[in-house]
Amino acid sequence: MERIQTQQQYEELISRDKLTVIKYDANWCPDCKTLDKFLPGIMAKHTDKEFYAMDVEQFEEITSQNEVRGIPSLLVYKNGEKLAHLHSKYAKTPAEISEYLETLESKK
C-alpha cells in the first residue's frame, strides 16, 4: 500500500471522483501491524477502491481535522468529502473491515 508523503498528495487523492480509503496509522502501533497482515486480502476483494496509508505523527493537523482519535482508523473520501470513518476499536478483524467497506457500495 502506497504511503502518503505530502499534504498536496493527500488533497489530490481525497478530491478524486472515486472511493479512496486512507489508513491512519503509526509505525509503533501493534494494532496497525496486525491490520497490515490481513489488509491485502481485503484490498483484493475491493478493487473498486484505492487504498493508501498515512502516518498520524507526520500529518498531525490532517489527523486532527479528520477527528482521528485512535489508530488504526480507516477513512473513506470522494470528491473532497469524508464519507465514512471506521474507528480503531472497530478495525480489529477482517470481518469488521469487510463489512464496513461493503456498506460503502451505495456511495460510489
Side-chain angles (χ1 to χ4, degrees):
M1 175 182 327
E2 183 180 342
R3 297 199 68 79
I4 295 173
Q5 301 297 324
T6 67
Q7 182 162 344
Q8 180 180 348
Q9 180 188 17
Y10 161 80
E11 290 170 5
E12 289 171 3
L13 290 171
I14 69 166
S15 297
R16 296 181 303 171
D17 186 28
K18 61 174 64 175
L19 294 176
T20 302
V21 180
I22 298 178
K23 175 180 68 102
Y24 286 73
D25 65 10
N27 62 7
W28 50 262
C29 167
D31 288 341
C32 300
K33 292 182 187 336
T34 299
L35 174 60
D36 288 343
K37 292 177 184 174
F38 59 79
L39 200 52
I42 292 170
M43 291 168 56
K45 294 177 185 173
H46 294 275
T47 57
D48 59 319
K49 301 166 188 71
E50 292 196 6
F51 292 79
Y52 296 87
M54 172 182 277
D55 187 311
V56 297
E57 293 178 330
Q58 183 180 354
F59 296 98
E60 291 179 9
E61 186 175 327
I62 293 170
T63 300
S64 177
Q65 289 169 352
N66 282 283
E67 301 176 348
V68 174
R69 308 256 191 271
I71 54 174
S73 286
L74 297 176
L75 281 68
V76 182
Y77 303 88
K78 182 177 179 183
N79 296 323
E81 180 182 349
K82 181 172 83 169
L83 301 178
H85 184 152
L86 182 65
H87 297 274
S88 58
K89 66 182 178 181
Y90 303 113
K92 304 276 189 216
T93 69
E96 289 174 326
I97 293 172
S98 289
E99 183 178 313
Y100 165 71
L101 293 173
E102 286 163 13
T103 65
L104 301 171
E105 298 307 310
S106 64
K107 299 183 181 196
K108 284 185 186 174

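The first residue of the sequence shown is numbered 1, and numbering continues consecutively from there.
- Every residue two or more places apart in sequence or in another chain that forms a side-chain contact (heavy atoms from CB on, under 4.5 Å) with N79 is listed here: D17.
- For R16, the side-chain contact (heavy atoms from CB on, under 4.5 Å) test picks out L13, K18, T20, E50, Y52, with sequence neighbours left out.
- Under the 4.5 Å side-chain heavy-atom criterion for Ile, Leu, Val, Met, Phe, Trp and Tyr, V56 and I22 are members of the same hydrophobic cluster.
- Nearest heavy-atom pair, L101 versus K49, reported as atom, atom and distance to 0.1 Å: O-CE, 3.6 Å.
- Residues V21 and I71 are members of separate hydrophobic clusters, defined by side-chain heavy-atom contacts under 4.5 angstrom among Ile, Leu, Val, Met, Phe, Trp and Tyr.
- S98 contributes no side-chain N or O that, together with a main-chain N or O of A95, makes up a donor-acceptor pair within less than 3.5 Å.
- Between atom CG of residue L83 and atom CD1 of residue I14 there is a gap of 10.5 Å, rounded to the nearest 0.5 Å.
- Not counting sequence neighbours, the partners of Q8 by the side-chain contact (heavy atoms from CB on, under 4.5 Å) test are T6, E12.
- Qualifying side-chain contact (heavy atoms from CB on, under 4.5 Å) partners for M1, counting only residues two or more places apart in sequence or in other chains: K23, L39, M43, F51, A53.
- Hydrophobic clustering (ILVMFWY, side-chain heavy atoms < 4.5 Å, transitive): Y77 and L86 are in distinct clusters.
- Residues passing the side-chain hydrogen bond (donor to acceptor under 3.5 Å, both in side chains) test with Q7, sequence neighbours excluded: E11.
- Applying the side-chain hydrogen bond (donor to acceptor under 3.5 Å, both in side chains) rule to Y10 yields the partners N66; only residues at least two apart in sequence or on another chain are considered.
- In this structure, N27 has no side-chain hydrogen bond (donor to acceptor under 3.5 Å, both in side chains) partners at least two apart in sequence or on a different chain.
- Transitive grouping of hydrophobic side chains (ILVMFWY, heavy atoms separated by less than 4.5 Å) brings Y100 and L35 into a common cluster.
- A pairwise comparison of heavy atoms in I4 and Q58 identifies O-OE1, 4.3 Å as the closest pair.
- Applying the salt bridge (charged side-chain N to carboxylate O under 4.0 Å, His left out) test to residues at least two apart or on different chains, none of the pairs has a partner in residues 51-73.
- The CD atom of Q5 sits 10.0 Å away from the CE atom of M54 when rounded to the nearest 0.5 Å.
- Pairing each heavy atom of A26 with each of C32, the nearest pair is N-SG, 3.9 Å.
- F38 approaches I97 most closely through the heavy-atom pair CE1-CD1, 3.6 Å.
- Linking ILVMFWY residues whenever their side-chain heavy atoms come closer than 4.5 Å, directly or via other members, places I42 and L74 in the same cluster.
- Taking CG of D31 as the reference point, atom NZ of K33 lies at 11.0 Å (rounded to 0.5 Å).
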